[in-house]
Each structure stands twice: as C-alpha cells, then as structure tokens.
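Sharing a structure with you now.
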Amino acid sequence: MPELPEVETVVRGLRTAVGGKALISVTELRARTVINPAKTDLTKPLGRIETVERRGKYILVTLSSGLHLVAHLRMTGKFILADPPQQLSSHTRAYLDFDDGTRLLFHDPRTFGQIKVYQPHQSDPAVQALGPEPLTNAFDGVYLHQALTRRQSPIKTVLLNQQVIAGIGNIYACEALYRAGIRPGKPANKLSAPQCANLVAAVQAVLTESLALGGTSISDYRNVDDKTGEFQHFLRVYGKQTCPQGHALNRIKQAGRSTYFCPVCQK
DNA sequence: CAATGATCCTGTCCGC
DNA sequence: TGCGGACAGGATCATT
C-alpha cells in the first residue's frame, strides 16, 4: 500500500518521467477517477508541468497555467509511463497525454485512486488538513506528545490519522511501534514524553530506511518504471509470524485493519 | 471535538 | 473444478 516512502519514490519517478512536459489532455476511462473542481476543459492543453511534489500520501503537480493536480494512489493506484503509448489494460482508469507523444497511464484495479484538477485559487481540503510531515523538524517529540493529549484511542489508530501525522499507513505504523517498543493498543494519551520522542525517532528511521530502498512492495506497489521497492525484505513485524528476536507475534484488528505486534518486545 | 463504523471496490486466497 | 466468503485498506461520511 503506498505510504510516504512509496509515494515519494513515485514522485521522484514522475519528475524524471514527465517534468517539463506540456500536458495536452486528461482522459478519464472510468467515472469518478478524475475529479474536476476547476471545471476546466480537460481535452485542451492544460500547461507545462513545473513541479511534482509530495504532501503526505498526496501527489501534487503544478502546471504553468496555474492549474494544479492532486493525485492519490490509495491502495492500488499506479502511474506508468507509456512510451510509445502501450495498450490500455482493463485496469487503466485514466491517462495523461503530453506534447511529445508520451502518455502517462493511471492503473488502479480497486478504483479508489483519484486525480483532481484545481484552479490556482482552489485548494484540496484534505491536503489542507494534513498534519506535519514526519521527516521534517516540525514533527518532534514535543509536537507528538501535545497532539496526543486529548486522544484516548489506541496509538496505532492515531498514527494512521493523517491530520496528526501525514503519510503513515498500516505497514509503517506497525513497524514504527515495534521499533519504539510500544504496544499498538496503548491509549495515545498514555504515552510519556520520552516514549513520544522514541516513537518519533522510530517513525523517522523506518521511513528513511524504506525510502532509501524505494519503498515496500507487498503486492501492487510499483514505481513509475514498474520497478518494485525492496524494503519488504526488512519488515520486522508486518505480515510476519515472529519478530527478529524470535518471539511469536500477535495479530489483532484495530479500526478494521490488521495490526502485528510482539507481546514481549512491546510494552 | 473525538471516536467509531460503514462505505467505496476488485483481485486473491482459503475452505468445502 | 467451482463457489462463497473473508480479506486487503486510505479516506470520507454519518452517527454517537
């Protein structure tokens, strides 16, 4: 599932693949894939791609016209550069055509992914509401401790709240809690200041290590080059039977999602 | 404001 | 071999 390291890897790939190119049209093959709050004509040139950036798990693209795109891969979304244009698959939900004849395909079997088109003065409400980036100075132990004070839900589910921290998903939430030695079910407001500092360090370490390896490819995730990430070989608890210490792991459901944790290493 | 559960959706896997 | 059901899960919305 694309989380911060995977989305960042895709963003870097997109910069190389389509940076500077003029976008001449956006074509939707399946309804509700392309959302157009800009109410602009997507069959006409939209401008040249100036920047491709990431915020949380969102992909932000700015165009020379001032229009901007906000894309989200959700679980199974994938951007693939087709050069020359390849056959569309049954999972191709939309594509972007460029002036040099290349085409960027948006594949998404489970159809949750979206590409939104905004005018310069518009902003995406979900992006606006995002919490701090975990790999910046704004995300530190003091911030986290403060952010958790009124939250009684399990720390694991709070880590998944994009308004508290942007970019963490199920896999890295499990991995960070294991590294920090904290039980996923622990009420968030019961974490001490040192535990918050440890958790911040664990989050940053696991995200940084994964990013260096191009992210985690569990099932669908691929880079723009259709390459897999390699961090799945270094997961310590997610999808595992035992932790690196050899202890049998517990698997529970929290907010409808699987949580893996070690009852010995995590307190 | 916080927390919870349903919802969206389809490919894959398991048991019978 | 085929089929039903569980499962995967990020974000949004309605409800409490």
Side-chain angles (χ1 to χ4, degrees), chain A residues 1-11 28-35 37 54-60 70-79 88-94 106-116 123-131 133-134 144-177 184-191 203 207 210 215-222 228-229 232 235 237-241 249 251-261:
Chain A
M1 317 305 133
E3 304 177 32
L4 188 152
E6 293 76 37
V7 178
E8 179 65 30
T9 302
V10 168
V11 161
E28 179 184 64
L29 299 177
R30 186 188 189 280
R32 293 184 295 282
T33 301
V34 178
I35 313 293
R54 179 193 58 75
R55 178 77 174 90
K57 301 173 200 168
Y58 292 84
I59 298 168
L60 313 178
V70 177
H72 201 301
L73 305 173
R74 288 299 206 281
M75 273 82 75
T76 55
K78 245 194 309 189
F79 279 111
L88 304 179
S89 86
S90 60
H91 292 148
T92 312
R93 306 306 182 193
F106 185 63
H107 285 244
D108 188 15
R110 280 161 66 183
T111 75
F112 286 178
Q114 287 186 329
I115 302 171
K116 297 184 183 178
S123 57
D124 186 84
V127 173
Q128 285 293 109
L130 289 173
E133 285 290 322
L144 186 62
H145 197 233
Q146 170 63 28
L148 301 183
T149 51
R150 281 188 203 78
R151 300 186 184 269
Q152 304 181 46
S153 25
I155 182 60
K156 157 81 181 326
T157 60
V158 176
L159 285 180
L160 297 178
N161 185 337
Q162 302 302 299
Q163 298 182 30
V164 176
I165 310 149
I168 297 177
N170 202 43
I171 295 173
Y172 297 112
C174 292
E175 292 294 316
L177 286 168
K186 191 177 177 80
N189 59 3
K190 293 284 200 297
L191 267 68
V203 164
L207 294 179
S210 179
T216 301
S217 292
I218 292 284
S219 54
D220 299 277
Y221 167 71
R222 294 290 186 282
T228 61
Q232 63 275 16
L235 296 174
V237 289
Y238 186 84
K240 306 284 183 192
Q241 305 280 341
L249 295 176
R251 180 182 178 177
I252 60 173
K253 281 274 180 192
Q254 291 182 295
R257 281 150 190 80
S258 288
T259 300
Y260 296 82
F261 73 97

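As the structure is a prediction and not an experimental result, all values here were calculated from the model. Naming convention: chains lettered A, B, ... in sequence-line order (proteins, then strands); numbering from 1 in each chain.
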Review point. Should the pair A:F106 and A:F79 be assigned to parallel (<30°), tilted (30 to 60°) or perpendicular (>60°) ring geometry?
Key: tilted
Review point. Should A:V70 and A:Q114 count as side-chain neighbours, where that means a heavy-atom distance under 4.5 Å?
Key: no
**Study point:** Residue-phosphate contact under 4.0 Å: A:T111 side-chain N/O, B:dT10 OP1/OP2
**Key:** no
Point to revise | Nearest to side-chain heavy atoms of A:R93, which nucleotide of C:dT12, B:dC9, B:dT10 | key: B:dT10
Exercise for review: Could you state the atom-to-atom distance from CD of A:Q254 to C1' of B:dG5 in whole Å?
Suggested key: 15 Å
Exercise for review: Mark yes or no for whether A:E175, through its side chain, and A:L235, through its backbone, hold a donor-acceptor pair below 3.5 Å.
Suggested key: no
Revision key, fill the gap. Rounded to whole Å, the CD1-P distance (A:I165 to C:dA11) equals 13 Å
Exercise for review: Give one of base, sugar-phosphate or nothing for A:A255, where a contact means two heavy atoms less than 4.0 Å apart.
Suggested key: nothing
Exercise for review: Specify the angle, to 10°, made by the local axes at the two ends of the helix from B:dA2-C:dT16 to B:dC16-C:dG2 when five pairs are taken at each end.
Suggested key: 50°
Review point. Separation of A:N189 atom CG from B:dC1 atom C1', in whole Å?
Key: 14 Å
Practice item. Please check if the side chain of A:Q162 supplies one atom and the backbone of A:G56 the other of a donor-acceptor pair under 3.5 Å. Key: no
Point to revise | Residue met sooner reading DNA chain B from 5', once A:S153 and A:R30 are mapped to nucleotides | key: A:S153
Review point. Between B:dG11, B:dC8, C:dT12, which one does the side chain of A:R74 approach most closely?
Key: C:dT12
Point to revise | NE2-OG1 distance between A:H107 and A:T92, expressed to the nearest 0.5 angstrom | key: 3.5 Å
Review point. Checking all strands, does A:T157 fall into the base, sugar-phosphate, or nothing category for heavy-atom contacts under 4.0 angstrom?
Key: nothing
Review point. Within the structure, does a side-chain N or O atom of A:Q162 lie under 4.0 Å from either OP1 or OP2 of C:dA11?
Key: yes
Study note, to complete from the structure: Note: A:K57 and A:G169 closest approach over all heavy atoms is NZ-CA, 3.6 Å
Review point. Does any donor-acceptor pair link the side chain of A:R110 with the base of B:dG11 at a separation under 3.5 Å?
Key: no
Check your understanding: From C:dC7, C:dT12, B:dA3, pick the nucleotide closest to the side chain of A:R151?
Key -> B:dA3
Practice item. Measure from CZ on A:R32 to P on C:dT12 and round the result to the nearest Å. Key: 16 Å
Review point. C:dA11 C1' sits how many Å from A:I35 CD1, rounded?
Key: 13 Å
Check your understanding: In whole Å, what is the span from the CG atom of A:N170 to the P atom of C:dC7?
Key -> 14 Å
Check your understanding: If you find the nucleotide of DNA chain C closest to A:Y260 and the one closest to A:H72, which residue's nucleotide is nearer the 5' end?
Key -> A:Y260
Practice item. Step by step, work out the salt bridge (charged side-chain N to carboxylate O under 4.0 Å, His left out) result for A:R74 and A:D108. Key: CA-CA 9 Å; A:R74 288 299 206 281; A:D108 188 15; over 6 Å; no
Study note, to complete from the structure: When rounded to whole Å, the CG to P distance for the pair A:D108 and B:dT10 reads 10 Å
Point to revise | Atom pair distance, as rounded to whole Å: CG in A:L148 and C1' in B:dA2 | key: 13 Å
Check your understanding: Which of the following nucleotides, B:dT10, C:dC7, C:dT12, is nearest to the side chain of A:K253?
Key -> C:dC7
Check your understanding: Between A:E28 and A:I115, does a side chain to side chain contact (heavy atoms under 4.5 Å, CB included) hold up when you go through it step by step?
Key -> CA-CA 10 Å; A:E28 179 184 64; A:I115 302 171; over 6 Å; no
Practice item. Check every atom of B:dA3, C:dC7, C:dA11 against the side chain of A:Q152 and return the nucleotide holding the closest atom. Key: B:dA3
Revision key, fill the gap. Contacts of A:R257 and A:R150 projected onto DNA chain B by closest heavy atom; the upstream (5') one is A:R150
